[in-house]
Structure formats: structure tokens, C-alpha cells
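Have a look at the structure below, then the notes.
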Number of protein chains: 2
Amino acid sequence: MKDNSCMAASSYKDFFVNFANKTKMDIIAALRKKPLCVGEIAEAINEEQSKVSHSLKKLTQCKILEVKQEGKKRVYTLNHDTVLPILQIVEKHVHQYCAKNCPLKCLGCKKK
Amino acid sequence: MKDNSCMAASSYKDFFVNFANKTKMDIIAALRKKPLCVGEIAEAINEEQSKVSHSLKKLTQCKILEVKQEGKKRVYTLNHDTVLPILQIVEKHVHQYCAKNCPLKCLGCKKK
DNA sequence: ATAACAAATGAAATCAATTTCATATGAAAG
DNA sequence: CTTTCATATGAAATTGATTTCATTTGTTAT
């Protein structure tokens, strides 16, 4: 009988790596509102195009984003089903626990 | 009127960094079953004590774990409220999407 | 107060992911 | 078929987090 609670730790790591980076999180935040093409994303988060492209590639490989070609533009869409619930949980966690000794900072917090 | 959908990206990053590392994910997996002290964790995941301690510190700072002193032992407990639902979502995601071009590998997958 | 065990810590070394920059590819329009 | 706009890619450089190792702190028992 196989143990279902056992995790493939390295696989999960590969997923979470995408959320552990400011550029990628900024992209996710931008796409939360609506699908955007590469140029629009780069402008929205104020980062270089190639930097954004590299990030988009990994996010897409892990199915956190989806791409669709539209003319010469490539439009990226957030995988809402997976990403939104996770962000909600973390949002709640950060708000609940952000405090003196915690590296987590929520929007309301004014910390050094 | 403030925009509630705006995320503090760097803060989220600080949270997710803890999940983007094999050692820390192994610790989380071990603590999923029951609380353990440092020595027990190190044995369970077969890693050095100081390596485990460094990881435990960060996990605890981010409130992913909680500590309690018990005699000379320190017992670490997983923050189930936050962590379990996240892992469930990722588990589902990985099972759903693991495939040829995806770096994510679920338990059932035999990939190079 | 000392020994024995458990865990934490600091700093240097290592490692892996991100960024950068120059270049290549691809799509549409003229 | 050449130009232009949009994006992707490869490889070197950089960055930042993790690991390692020696040492320290803390707890309990003698």
C-alpha cells in the first residue's frame, strides 16, 4: 500500500522556485489582472525584455502561465486555478504573522 | 481607495524561498506526520545537524514552523493551517501538468 | 561546578538560479 | 524578399542563498 502523504520534494521545489523570485512574482502580480503580451509585462513591471522572457519561459514550463500567439505578439495568461488560491493563503499568512522578528512584510507593515 | 489586489512581491518571495529548497521541503515533509526534535529531523531526512538547524531557523522565522522547548530538546511543529492547503494545491497541479516538457515531476512519473 | 548531550551560530566556501548583453528567430507588412 | 517589430535564446557574469565546519550556547544530571 503506497503512502500518499509522501511528497516528491524536488519536484515541489521546482514549482516553488518560480515564486521565490521578485521578477517572477511581479509578473504574476501583473497577470493577475489580465493577460498581457511580453512588451506590456516588461513595461508594467519596469524590467528588461530579455529578463522578462527568461522568466516567462520558466513560468510557462511549469504551467504557471499559458501562452497564446496573437499576430506578432505572444500573450501570457495566469493559471488562475492554481495560483490564486495559493496567493490567498500566503496573503492571509503574511498578514497574520508579519511582526518584529519576521522577514515577512505585509502591505500594512512599516518595518525597517 | 487602496488596491487590495496589489501584492508586496518581495515579501511573498521571502515566504516562498523556504519552499524552493530540497532540505527545507524534506523537513516540511517529515513534520507533516508529527512534531519532531532537531535530532529526529536530521535522522529522518538524513542530513547534518547544523544544516538542519539553519533551515529550521528560517522556517521558524517565517512562521512556517513553531518551536517548543522540551527538556534539552527543541520540538518543531508544522504550521498546518498555512502549509497543508498550499501543498495540496501544488500536489494537484503537479499531477495534472507533469509531462514531457515540464520540469515538474510527480510521483507517478518516470522521467529522465 | 562539571560533564554530557542537544541544538544554534558565524563565517567562509560552494552552488544554483538570475541577470545581462549580444544575437537569433519569427511574424506580419510593404 | 527585405524591413520592422516582437520575442526568444545562449553563454558569461553576477548574485544570493545554502552548505560546511568549527565553535558556542543552553539544558539537565551528577
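Each chain gets a letter, A, B and so on, in the order the sequences are listed, and its residues count up from 1. Keep in mind that this is a model prediction, so the values were computed, not measured.
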Spacing between [X] atom [atom1] and [N] atom [atom2], to the nearest angstrom:
| X | N | atom1 | atom2 | answer |
| --- | --- | --- | --- | --- |
| B/Leu56 | C/dA6 | CG | C1' | 13 Å |
| A/Asn18 | C/dT19 | CG | C1' | 16 Å |
| B/Met25 | D/dA17 | CE | P | 19 Å |
| A/Lys51 | C/dA17 | NZ | C1' | 13 Å |
| A/Gln61 | C/dA17 | CD | P | 13 Å |
| A/Leu59 | C/dA17 | CG | C1' | 13 Å |
| A/Lys22 | D/dT15 | NZ | P | 17 Å |
| B/Glu47 | C/dA8 | CD | P | 16 Å |

Are B/Lys68 and B/Glu66 within salt-bridge range, i.e. N to O under 4.0 Å?
no
Taking A/Glu91 first and then A/Arg32, would you say they form a salt bridge - that is, a charged N and a carboxylate O separated by under 4.0 Å? yes
* Checking all strands, does A/Lys73 fall into the base, sugar-phosphate, or nothing category for heavy-atom contacts under 4.0 angstrom? ->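 Touches sugar-phosphate only.
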message: Considering every strand and a 4.0 Å limit on heavy-atom distances, what is the contact class for A/Thr23: base, sugar-phosphate, or nothing?
response: sugar-phosphate
* **Residue mapping more 5' on DNA chain C - nearest nucleotide basis, A/Glu48 or A/Gly71** =>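 Closest to the 5' end, via its nearest nucleotide, is A/Glu48.
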Closest to the 5' end of DNA chain C, once B/Glu40 and A/Val17 are matched to their nearest nucleotides, is B/Glu40
**Request:** Please examine the side chains of B/Lys57 and B/Ser53, heavy atoms only from C-beta on, and report whether any two atoms are closer than 4.5 Å.
**Result:**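 Side chain of B/Ser53 against side chain of B/Lys57, heavy atoms only: no contact under 4.5 Å found.
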Could you check whether any side-chain heavy atom of A/Leu36 comes within less than 4.5 Å of a side-chain heavy atom of A/Lys34, counting everything from C-beta outward? yes
Counting only side-chain N and O atoms of [X], is one of them less than 4.0 Å from OP1 or OP2 of [N]?
| X | N | result |
| --- | --- | --- |
| A/Lys57 | D/dT7 | no |
| B/Lys58 | D/dT18 | yes |
| B/Arg74 | C/dA6 | no |
| B/Tyr76 | C/dA6 | no |

When A/Thr60, A/Ile27, A/Val52 are each screened for side chain to side chain contact (heavy atoms under 4.5 Å, CB included) with A/Tyr76, the one that passes is A/Thr60
Classify the angle between the aromatic ring planes of B/Phe16 and A/Phe19 as parallel (below 30°), tilted (30 to 60°) or perpendicular (above 60°).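 If you compare the ring of B/Phe16 with that of A/Phe19, the planes turn out tilted.
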Of the listed nucleotides ([options]), which one gets closest to any side-chain atom of [X]?
| X | options | answer |
| --- | --- | --- |
| A/Ser50 | C/dT20, D/dT27, D/dC5 | C/dT20 |
| A/Gln49 | C/dT18, C/dG10, D/dT7 | D/dT7 |
| B/Val38 | C/dA8, D/dT4, D/dT18 | C/dA8 |
| A/Lys13 | D/dT20, C/dA17, D/dT27 | C/dA17 |
| A/Asn21 | D/dT7, C/dT19, D/dT19 | C/dT19 |

- Task: Output yes if the stacking criterion (under 5.5 Å between centres, under 30° between planes) is met for A/His54 over the base of C/dT18, else no.
- Result: no
B/Glu70 or B/Ser55, whichever maps to the more 5' nucleotide of DNA chain D =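 Nearer the 5' end of the strand: B/Ser55.
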